[in-house]
Structure formats: structure tokens, C-alpha cells
Asks: 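Below is one structure. I have some questions about it.
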Amino acid sequence: MGESVLNGVRTAGAASRAAGFHRVGDELTCDGVPLAAIATAVGTPTYVYSAAFIRQQFTTLSRALAGVPHRLHYSVKANANLAILRLLRDLGAGVDIVSGGELHRSLAAGFSGVDVVFSGVGKSDAEMRQALAAGVRLFNVESEGELVRLDAAAAEQGVRAPVALRVNPDVTVDTPHPYTRTGEKGMKFGIPDDRAEAVGLLALGMRHVSLIGLDMHIGSQVSETEPYLLGARRLLELLERLQAAGATELRTLDIGGGLAVSYEDEAPMDVARFAAAVVATVAPTGLDLILEPGRFLVGNAGMLITRVLDRKHSGGKEHIITDAGMNDLLRPSHYNAYHRIEPVVRGRGQTIVADIVGPICESGDFLALDRAIEEVSPGALLGVYGAGAYGFAMASNYNSRPRAAEVLVDGDRFAVARPRETYEDMVRHENLPLDWSSPCASD
Ligand SMILES: *Cc1c(COP(=O)(O)O)cnc(C)c1O
């Protein structure tokens, strides 16, 4: 990284600085835009994203893979905001989706069907029909049953569905939390390694399916290159066996997403090393490479801004109560995830150790436990780092809390990409009075 000029866009603030969140004096800024100014204009809690940071991540990864024909299909579930999708589309990304809703969003952001890879462990018939009608580039098929249903859906529309088999390559990855591992034996994801060839042969015999690729996704927050290479080699062996059995259309290798970023002091994926090894493995095959990065592109491009509501001292513990809770940022309670948290405006206070907790009626509602942080008073703003991926995307209305606003910063400007929800938004889709049906009534 360390590039300050990307795609002709000079990042605001210091020209020598990498994109993203930095202090200018005591003030935390996003590419030179003071976060306090955004909080004043938009309120809190608010997610703030750096366009320059996303461009930097995309360009770094794409350039590193230049030795092989490839496309980065952004994993929409990491952050599905339309402005983020549009930004990535403009950079040349495709998308990786896991639902019909994500297909709808992607098309709304300006992507075409050919830009779309449809992944996911459970696709409904309706979602298959929707994706076939859109003409998606690829279906990553996760089971024999799904393949049979997809063949039938394609027959109905008189088309052939482009298919890659998502194989579970049975590689163990050392992700920080078991919920983010997906590529080991016995998990719900993918076709088991020892079944993949049989399912491939089944696909070859189907009239409305063309088997054009193989796919894997081994987990999330993976910082090692080796599991990708092990998995890719396993897919390439399978590819040879399928070619020997008459598969002539295999031309795509999708090695999934999962590239790690640094939240605290853990190692991020070494992109140069990763890309060099992947290029060396894939380039000789002549296959087109697909990657599905989510977190890598947007994770550290986002910060959650929250205001301190209260301070409390109880049971020998300090508590900092914020206006953002687990409904806004679920990762700390769901994955025990670490997020750096700092005052937006640095004072001269002493360092204390405190639990930073939200207003929700759950003991699991925290942003950080036993965290060393500068003493802050009610009214102060805190910045929660690393909130760009699986942040707003996992937000809910639990406790009837409107979801936070989302803001995009580009250069020295900011724009509201999604306004804060209103109370009216939260009740809009509920029926009162109820409109009853009686399916068992005799007449
Ligand atoms: C979640 C997911 C990704 C993205 O994972 P990241 O860790 O955010 O890169 C990619 N592909 C599939 C199939 C996924 O489910």
C-alpha cells in the first residue's frame, strides 16, 4: 500500500499518506474530512467509508494478479450499500452474491448479469429463475440436489446454466473464530471432496447445464497463502480428471474470498506473496481466475462513529455506554471480534480500562471488554475502526432501534449514502389492522 495517488484521485490531506482514517492534530479524519464534522451534520451512530481506501485495496490486489487473466468479484454480503457497489463497479469489479436480494441490489447499482457470480449454500427455485433471467456469469453449485434443481429451472427457460462446482477441498484454515471457517470436512458448505467427481460427471450429462468451472471458498479472515494453494491444487487435479472424462468447457477457477485484514496487530494477508503464488499456480493452466474478496476491499475502509451517552462505575468496573450497540455492530458479540476504538478528538485524559457497551438489553451487547482507552466524558465521540465489512450489513432493528446512517467520503467531500432510518421506516411494513385468511373454513 502506501500509494497516495490512485486512478488519478489524490487523497485529501497529506499527499504522502495512505488512504483512510488518520489524525490531523488531535482530530480523527477520514481522508482529511473531520469525523466530528460528519457526526454534527448526520448524527450518531454513523458508518463512514473511505472511497480512496477501497480504490487502494482494489488496485493493489488487481495489480498483484496481473500475471493471470482474472476478475475480482466483490462479495456483496460484506457491505451491500449501493454507493459502495457503484464505486466497485466503476473500478471494474464484478460481484459475488448469495441471494436474490443481492442480485437485485447489484443490478440497481448498475452491474449486469455477466458481472455476477451466484454463490450460496441454499438457493431457492425462485432465486435460480431470477438469476437465469438476469444471465449471470456463473452459478457456484453447492450440492447434487441444487444441480438437479438448476438444470430443471434452466430447462423451463430454455437456456443452459453456466455452472462451477463449489468443492469443499477439506483444507484446515486457522481463522480467528470457528464461525468463519468453511472449507473443512463435515461443514455445510460445498460438495465434499470425495463426491465432487461424481457430481461433475452428473453435470456433464445434463442438457441445461454447462460445467465451466470449479470453485472453493475456504473461510474468512485467512492470512496464510498455503491453504489457498492446497485447495487450488486439489481443484486442478479434479479439473484434469473431469477433462479426461469429457469435460470440454472448463475454463474458470474461482478460489473464493477470505483474505485477511488487520484489526489489531494480527498479520493481514501478504498480498504480494499470495498473488505471486496464485499466479504461479494458475497461469500455466490457461484458466480464467475469479476471486471473491469482501472484507479485504472494505473492512478497514469503514469506521463506526458513536457518541458516549453515560459513564458508570459498577462492581469495580468502568463502563462507557455508547449510542451504538450490538444491533449496529454485531461482530464483537457474535465473533468475539476485536475493533480498535479511540476518541474522535484526542484530549489529554489519562488511560483507563473500561467495558465499552451499548444501550441494548443484553449482557452480550458490547463493543469492547476490558479495553484500555483514554478517559472520555458523556458527549464525546468514539471511532470504532475496521467497521466497513460485516458492520452495517449485519445491523438489525433489535430493541426497535433505527439502523445507523452510512456516509461515503471521497476526497474532501462526504455524502450520505443511506440516511438514518426513522421510526416510521421501522413500522412501515407491518399490517394493522390484520387481514385474516381461513384456509380450513368450510364455507
Ligand atoms: C462471505 C463470502 C466471501 C467473502 O468473504 P470475505 O472474508 O469477506 O472475503 C466470498 N465468497 C463466498 C462464497 C462467501 O460466502
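One-based numbering, in listed order, for ligands and for the atoms of each.
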Asks: What do the steps show when you test Tyr335 against Met394 for side chain to side chain contact (heavy atoms under 4.5 Å, CB included), and what is the final call?
Replies: CA-CA 12 Å; Tyr335 302 111; Met394 295 177 91; 3.5 Å; yes
Asks: For ligand 1, give me the residues whose heavy-atom distance to it is below 4.0 Å, by chain and number please.
Replies: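 The 4.0 Å shell around ligand 1 contains Ser75, Lys77, Asp96, Ser119, Arg166, His217, Ser220, Gly257, Gly258, Glu292, Pro293, Gly294, Arg295, Tyr390.
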Asks: Mind jotting down which residue pairs meet the ring pair (Phe, Tyr, Trp, His ring centres under 6.0 Å) criterion with at least one end in residues 239-287? Sequence neighbours excluded, please.
Replies: Tyr228-Phe274, Tyr263-His339
Asks: Tabulate below the donor-acceptor pairs under 3.5 Å that side-chain atoms of residues 140-147 make, not counting sequence neighbours, or state none.
Replies:
from   : atom 1 : to     : atom 2 : distance (Å)
Asn140 : ND2    : Ser119 : OG     : 3.1
Asn140 : ND2    : Asp215 : OD2    : 3.3
Asn140 : ND2    : Asp254 : OD2    : 3.1
Asn140 : ND2    : Glu292 : OE2    : 3.2
Glu142 : OE1    : Gly190 : N      : 2.8
Glu142 : OE2    : Arg166 : NH1    : 2.8
Ser143 : OG     : Glu146 : N      : 3.1
Glu144 : OE1    : Arg195 : NH2    : 2.5
Glu146 : OE1    : Glu142 : N      : 3.0
Glu146 : OE2    : Lys123 : NZ     : 2.6

Asks: Measure from NZ or CZ of Arg105 to the centre of the six-membered ring of Phe111 and say whether it is under 6.0 Å with the direction within 45° of the ring axis.
Replies: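 Pair Arg105/Phe111 does not count as cation-pi.
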Asks: Is any side-chain heavy atom of Leu329 less than 4.5 Å from a side-chain heavy atom of Pro332?
Replies: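 In short, these two side chains touch, coming nearer than 4.5 Å.
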Asks: What pairs with Arg401 under salt bridge (Lys or Arg N to Asp or Glu O under 4.0 Å), at least two apart in sequence or on another chain?
Replies: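 With neighbours one apart ignored, the set is Asp328.
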